[in-house]
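Side chains are part of it too, since the values below use all heavy atoms of this structure and drop only hydrogens, waters and symmetry mates. The chain is numbered in sequence order, starting from 1.
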Amino acid sequence: MAPPGQDGSLNEQIYQLVGFWLEAMIYGGYTVLFIAAIVVSLRNRKDGLAFSMIFFLSQIAMFIMITIYTFINLYRGIRAYAQNVVGPNPVNYYHDFSQWDNFSFGIIVTLLVWHADALVIYRCFVIWGHNFWVILFPVILLLFSFVVNCITLTSFKHPAAVPAAVAGAFIQMVYPINLAQNITTTSLIAYRIWSQHYKARESGLFKVAAGMNLLTVVRIIIESALIFTVQQLILLILLELDHPAQVILHATLVPSMGLVFVLMTLRTHFARTDTEGRWTGGRSTGHHTTGQRPGNSSVAVVTTRTVTEDMPMHVIDSKVPSDNGPYDVIFENSKGQRV
């Protein structure tokens, strides 16, 4: 059973080659950024700054899966274009899901989407103070995604097991579910951080020396998530048009998912470092100045030293390690009460 839009035409053959080239280019850039993100995370852990073991191990797991995916993609290209295993056209090989590499290709894509969704849901859960009700809808969407993708993969591997009409209906659900999941969790995370920013303004919180504006964090999250969102939206449009150009985005989707998470890690780090440099006269020391806390003021405890507003103050403890990752924001007033 050939996926929708893949008709074996000359256009599809061209799109497959373009997709292969783009995937290799993105994977190369992703590899460099992944190494940089790992170095930054380990340095944060060594310095006692915010470090999430779950987030750290998840990035490594994603990199391993994406690397396997890339090598399988290379193997598929050789089998299709050089060896022409399934004739008459090279791309007919990609339609044959009885081949182990084609089916494993689909499994890795699905596992990566589930992994990324679960990681973002966990992040949302932590940011919302371990509130299960907040993540109820995203968890339902994830379970729905399990069902839809399992049926879709079964229809590819065993076409006779799933009626064509049923398989087509479930394939049509894949991208809308991914879009709904991504938009929901990103919105929940962004809203939570923005609401903390608003609380800070209303409570008279000030900007901490070497801190980072919370709205900067919101912007980083939204902009990074847009990579996956835009890809899914374009894929949905191409699917509805039954256009073979889908294969270009299929190839680039996997390394792009890894790119989203390493970009969040690196952009947050560089934004914080840039702010530290401004507060220390152009050089980043990585440490806060110690001093007395003003008696009538509010201060912020932020595991990434991510605080906002207008005047420099001192963090209660800038060296508190946390497994809550780069977005766990906690505010306290001068009496030590959380706000």
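No side-chain heavy atom of Leu42 sits under 4.5 Å from any side-chain heavy atom of Lys46. Under the 4.5 Å side-chain criterion, counting only non-hydrogen atoms from C-beta, Phe132 is not in contact with Val139. Within the 4.5 Å cutoff, the side chain of Trp128 has heavy atoms near those of the Tyr191 side chain. Side-chain contact between Gln232 and Leu235 is present, with at least one heavy-atom pair separated by less than 4.5 Å. Two residues are said to be in side-chain contact when any heavy atoms from C-beta on lie closer than 4.5 Å; Thr70 and Pro255 fail this criterion. Taking 4.5 Å as the limit, some side-chain heavy atom of Leu263 sits within range of a side-chain heavy atom of Ile227. Counting only heavy atoms from C-beta outward, the side chains of Ile135 and Asn131 never approach each other to under 4.5 Å. In this structure, the side chains of Thr229 and Leu233 stay at 4.5 Å or more apart for every pair of heavy atoms.
Taking each heavy atom of Thr184 and Pro138 in turn, the nearest pair found is CG2-CG, 4.0 Å. Closest approach of Thr265 and Ser41 over heavy atoms only: CG2-OG, 3.9 Å. Listed here is the closest heavy atom pair of Ile171 and Leu239: O-CD2, 3.9 Å. The heavy-atom pair separating Leu266 from Leu33 by the smallest distance is CD1-O, 3.6 Å. Here the closest non-hydrogen pair linking Met257 and Met62 is O-CE, 3.9 Å. Annotation for Ala161 and Thr154: closest pair CB-CG2, 4.4 Å, computed over non-hydrogen atoms.
For Gln246 (side chain) and His243 (main-chain N/O), a donor-acceptor pair under 3.5 Å exists by modelled atom type. Listed for the Trp114 side chain is no donor-acceptor partner under 3.5 Å among the backbone atoms of Val109. Side-chain atoms of Thr186 never come within 3.5 Å of backbone atoms of Ile183 as a donor-acceptor pair (strictly under, hydrogens ignored).
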Assess the residue pair Gln181 and Ser145 against the criterion (side chain to side chain donor-acceptor pair (under 3.5 Å)); give the C-alpha distance rounded to whole Å, side-chain angles, the decisive distance to 0.1 Å, and a yes or no.
CA-CA 9 Å; Gln181 181 72 271; Ser145 177; over 6 Å; no

Please step through side chain to side chain contact (heavy atoms under 4.5 Å, CB included) for the pair Arg45 and Met53, ending with a clear verdict.
CA-CA 9 Å; Arg45 186 185 187 192; Met53 182 59 72; 3.8 Å; yes

Could you walk me through whether Ile127 and Arg123 satisfy the side chain to side chain contact (heavy atoms under 4.5 Å, CB included) test, starting with their C-alpha distance in whole Å, then the side-chain angles of each, then the deciding distance to 0.1 Å, before giving a yes or no?
CA-CA 6 Å; Ile127 290 175; Arg123 181 65 57 220; 3.9 Å; yes

Give the intermediate values and the outcome of side chain to side chain contact (heavy atoms under 4.5 Å, CB included) for residues Asn92 and Asn89.
CA-CA 6 Å; Asn92 287 341; Asn89 297 324; 3.9 Å; yes

Could you go through the ring-ring contact (aromatic ring centres under 6.0 Å, His included) check for Phe125 and Trp133 one step at a time?
CA-CA 9 Å; Phe125 175 66; Trp133 290 107; over 10 Å; no

Side chain to side chain donor-acceptor pair (under 3.5 Å) for Gln99 and Asn102? Distances and angles first, verdict last.
CA-CA 6 Å; Gln99 304 289 337; Asn102 287 329; 6.0 Å; no

The test is side chain to side chain contact (heavy atoms under 4.5 Å, CB included); show your working for Val120 and Phe261 and say whether it passes.
CA-CA 10 Å; Val120 175; Phe261 291 96; 3.8 Å; yes

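Residues His250 and Gln231 bring no donor and acceptor atom of their side chains to less than 3.5 Å of each other.
Atoms CZ and CG, on Arg79 and Asp96 in that order, are 9.5 Å from each other to the nearest 0.5 Å. Remark: Thr252 OG1 to Ile26 CD1 distance equals 5.0 Å, nearest 0.5 Å. We find the CG-CG distance between Asn178 and Leu141 to be 9.5 Å, quoted to the nearest 0.5 Å.
Between Tyr30 and the options Thr67, Val260, Ile66, a side-chain contact (heavy atoms from CB on, under 4.5 Å) holds for only Ile66.
The aromatic rings of Phe34 and Phe63 sit parallel, their planes meeting at an angle under 30°, below the 60° perpendicular limit.
Taking the centre and axis of the six-membered ring of Tyr93, the NZ or CZ atom of Arg76 falls outside the cone set by 45° and 6.0 Å.
No path of Ile, Leu, Val, Met, Phe, Trp and Tyr side chains, each step under 4.5 Å between heavy atoms, connects Val32 with Trp21, placing them in separate hydrophobic clusters. Hydrophobic cluster membership is shared by Ile68 and Leu259, with clusters built from Ile, Leu, Val, Met, Phe, Trp and Tyr side chains linked at under 4.5 angstrom. In this structure, Leu143 is not a member of the same hydrophobic cluster as Leu136, with clusters built from ILVMFWY side-chain heavy atoms closer than 4.5 Å.
The side chain to side chain contact (heavy atoms under 4.5 Å, CB included) test applied to Phe103 returns Phe97, Ile107, Leu153, Lys157, not counting sequence neighbours. Under the side chain to side chain contact (heavy atoms under 4.5 Å, CB included) criterion, Tyr81 pairs with Gln13, Gln16, Leu17, Pro90, Val91, Tyr94, sequence neighbours left out.
Aromatic ring centres of Tyr69 and Tyr27 lie farther apart than the 6.0 Å criterion allows.
A 6.0 Å sphere centred on CZ of Phe146 holds more than 12 heavy atoms belonging to other residues, nucleotides or ligands.
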